[in-house]
**Student:** 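Shown below is the structure under consideration.
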Amino acid sequence: QQPVQSPQAVILREGEDAVINCSSSKALYSVHWYRQKHGEAPVFLMILLKGGEQKGHEKISASFNEKKQQSSLYLTASQLSYSGTYFCGTERSSGTYKYIFGTGTRLKVLA
Amino acid sequence: DAGVTQSPTHLIKTRGQHVTLRCSPISGHKSVSWYQQVLGQGPQFIFQYYEKEERGRGNFPDRFSARQFPNYSSELNVNALLLGDSALYLCASISWPGGGTTNTGELFFGEGSRLTVL
């Protein structure tokens, strides 16, 4: 039931681009993206609602394809500060509410 | 504005003891949720509360309970602690950008309470 993220880990040089994917076996109505640095709490990046919309945040953007039950996070011209673990998250609201995080992607940006 | 505050930040307990963790949401937010994060894994949903009512519960045993107070602060209680309960416990304050007309909210996390069970 947990959304699966790929890749599990990625190492980049500053300035390189990366794509992180999030796939669910269940219908997605919205997708959230978070970044968590070591020893810190997750930080909300963006939310995508169904409709295939794409949103952006600085040099980080994301897309959401509800038909494929997938979302992708795009990091362009990566900076050292982008290092951390990225999680997608989704809500389940059938009857009772649940929130489920994806499996996570560890990203390391090197100078 | 103050962010989400959690207390205590660190605590050590022994097996069988009880623990209470506290969370104050962002001012104006009426919903909080609790998560358990074991080292190296993603956060696992425990509870969600909105307007003092439980709106959701994850797959955790009945040893875990929570409540939300009239001022929207919340407590997470864990009884009969086990070694496996050692984790970072995160509280999130939830903003509903749609003003309650959508089912999806933005989660703002506190720094967490790190529980070690010996």
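Per chain, numbering begins at 1; letters A, B, ... match sequence-line order.
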**Student:** In terms of heavy-atom proximity below 4.5 Å to chain A, should B/Glu54 be classed as side chain, backbone, both, or neither?
**Tutor:** neither
**Student:** Check whether A/Phe87 gets within reach of chain B through its side chain, its backbone, both or neither, counting any heavy atom under 4.5 Å.
**Tutor:** side chain
**Student:** Taking the inter-plane angle between the rings of A/Tyr99 and B/Tyr35 on a 0 to 90° scale, is it parallel (under 30°), tilted (30 to 60°) or perpendicular (over 60°)?
**Tutor:** perpendicular
**Student:** Out of curiosity, B/Gln48 CD to A/Glu91 CD, how far, rounded to the nearest 0.5 Å?
**Tutor:** 8.0 Å
**Student:** Counting heavy atoms not belonging to A/Ile11, are there more than 12 under 6.0 Å from its CD1?
**Tutor:** no
**Student:** I'd like to know if A/Phe64 and A/Ile20 are part of one continuous hydrophobic network [Ile/Leu/Val/Met/Phe/Trp/Tyr, side-chain heavy atoms within less than 4.5 Å].
**Tutor:** yes
**Student:** Within this structure, what is the OH-CG distance for the pair A/Tyr34 and B/Leu107, rounded to the nearest 0.5 Å?
**Tutor:** 4.0 Å
**Student:** Hey, could you give me the OG1/CD distance between A/Thr103 and B/Gln41, rounded to the nearest 0.5 Å?
**Tutor:** 11.0 Å
**Student:** In the single-linkage hydrophobic clustering (I, L, V, M, F, W, Y; side-chain heavy atoms under 4.5 Å), do B/Phe45 and A/Phe101 co-cluster?
**Tutor:** yes
**Student:** Quick check: closest heavy atoms across B/Phe109 and A/Ala41, and the distance to 0.1 Å?
**Tutor:** CB-CB, 3.9 Å
**Student:** Kindly give the heavy-atom pair with the smallest separation between A/Glu40 and B/Glu111, and that separation in Å.
**Tutor:** CA-OE1, 4.3 Å
**Student:** Do B/Leu21 and B/Tyr72 share a hydrophobic cluster (ILVMFWY, side-chain heavy atoms under 4.5 Å, transitive)?
**Tutor:** no
**Student:** May I ask whether B/Tyr49 and B/Phe69 are part of the same hydrophobic cluster, defined by side-chain heavy atoms of I, L, V, M, F, W, Y residues being less than 4.5 angstrom apart, directly or through others?
**Tutor:** no
**Student:** Could you have a look at B/Gly58, B/Pro43, B/Gly56, B/Gly110 and say which one has the most heavy-atom pairs with chain A under 4.5 angstrom?
**Tutor:** B/Pro43
**Student:** Does one hydrophobic cluster hold both A/Val109 and A/Tyr86, with members joined at side-chain heavy-atom distances below 4.5 Å?
**Tutor:** yes
**Student:** Could you tell me how the ring of A/Phe44 sits relative to the ring of B/Phe108: parallel (under 30°), tilted (30 to 60°) or perpendicular (over 60°)?
**Tutor:** tilted
**Student:** Take atom CG in B/Leu39; do more than 12 heavy atoms of anything else shown fall under 6.0 Å from it?
**Tutor:** no
